[in-house]
Amino acid sequence: MVERLAAAERHKALQGVPGWSEVNGREAIARIFTFKDFNEAFGFMTRAALVAEKNDHHPEWRNVYKTVEVVLTTHDAGGVTRRDIDLASAMDAIARQFGAA
Ligand SMILES: C[C@H](O)[C@H](O)[C@H]1CNC2=NC(N)=NC(=O)C2=N1
């Protein structure tokens with residue numbers, strides 16, 4: 001069972017994924033990725049989906065044309081855990097490969 005991060009731990013962990021921020025009123029982290037076009041955005045989602053499935057840890061996300069809004073939280077733990085931080089970091093690496101802004 002992965003453990004929910006307390007506020008101080010969450011803030012510290014967020015420093016490792018600087019593009020992400022806390023969600024107001026919810027124990028979750030979020031980032032909006034903007035790509036060159038829909039093709040790149042969906043390519044990012046495809047790669048990220050495979051990582052999510054491999055790790056059995058899935059995002060809440062919304063795609064509008066070339067943007068992908070991602071919210072990460074661990075439902076089983078009722079808050080942010082290391083799994084969210086690790087998936088955020090993995091998504092950042094994939095986004096860099098797609099030349100995200
Ligand atoms: C049964 C399955 O392992 C669980 O439901 C997994 C799936 N993916 C998940 N993803 C996220 N974000 N949080 C979870 O608690 C979670 N639990």
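In each ligand, atom 1 is the first atom listed, and ligand 1 is the first ligand listed.
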Donor-acceptor contacts under 3.5 Å from residues 48-56 side chains, at least two apart:
from  : atom 1 : to    : atom 2 : distance (Å)
Glu53 : OE1    : His58 : NE2    : 2.7
Asn55 : ND2    : Val51 : O      : 3.3

Q. How many angstroms lie between CD in Glu9 and CD in Glu3, if you round to the nearest 0.5 Å?
A.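 If I round to the nearest 0.5 Å, the distance is 9.5 Å.
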
Q | Pairs meeting criterion salt bridge (Lys or Arg N to Asp or Glu O under 4.0 Å) with involvement of residues 67-79, two or more places apart | A |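 For residues 67-79: Arg62-Glu69.
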
Q: Go through the structure and list residues passing salt bridge (Lys or Arg N to Asp or Glu O under 4.0 Å) with Arg10, not counting sequence neighbours.
A: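 Arg10: salt bridge (Lys or Arg N to Asp or Glu O under 4.0 Å) contacts with Glu22, Glu27.
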
Q. When clusters are formed by joining ILVMFWY residues with side-chain heavy atoms under 4.5 Å apart, either directly or through shared neighbours, do Val71 and Trp20 land in the same one?
A.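 They do not share one cluster, since no chain of ILVMFWY contacts under 4.5 Å joins Val71 to Trp20.
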
**Q.** Under 4.0 Å from ligand 1, counting heavy atoms only: the protein residues, by chain and number
**A.**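 Heavy-atom contacts below 4.0 Å: Asp56, His57, His58, Thr73, Thr74, His75, Asp76.
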
Q.
Would you say CG of Asn24 has more than 12 non-hydrogen atoms from neighbouring residues, nucleotides or ligands within 6.0 angstrom?
A.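 Not more than 12 within 6.0 Å, no.
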
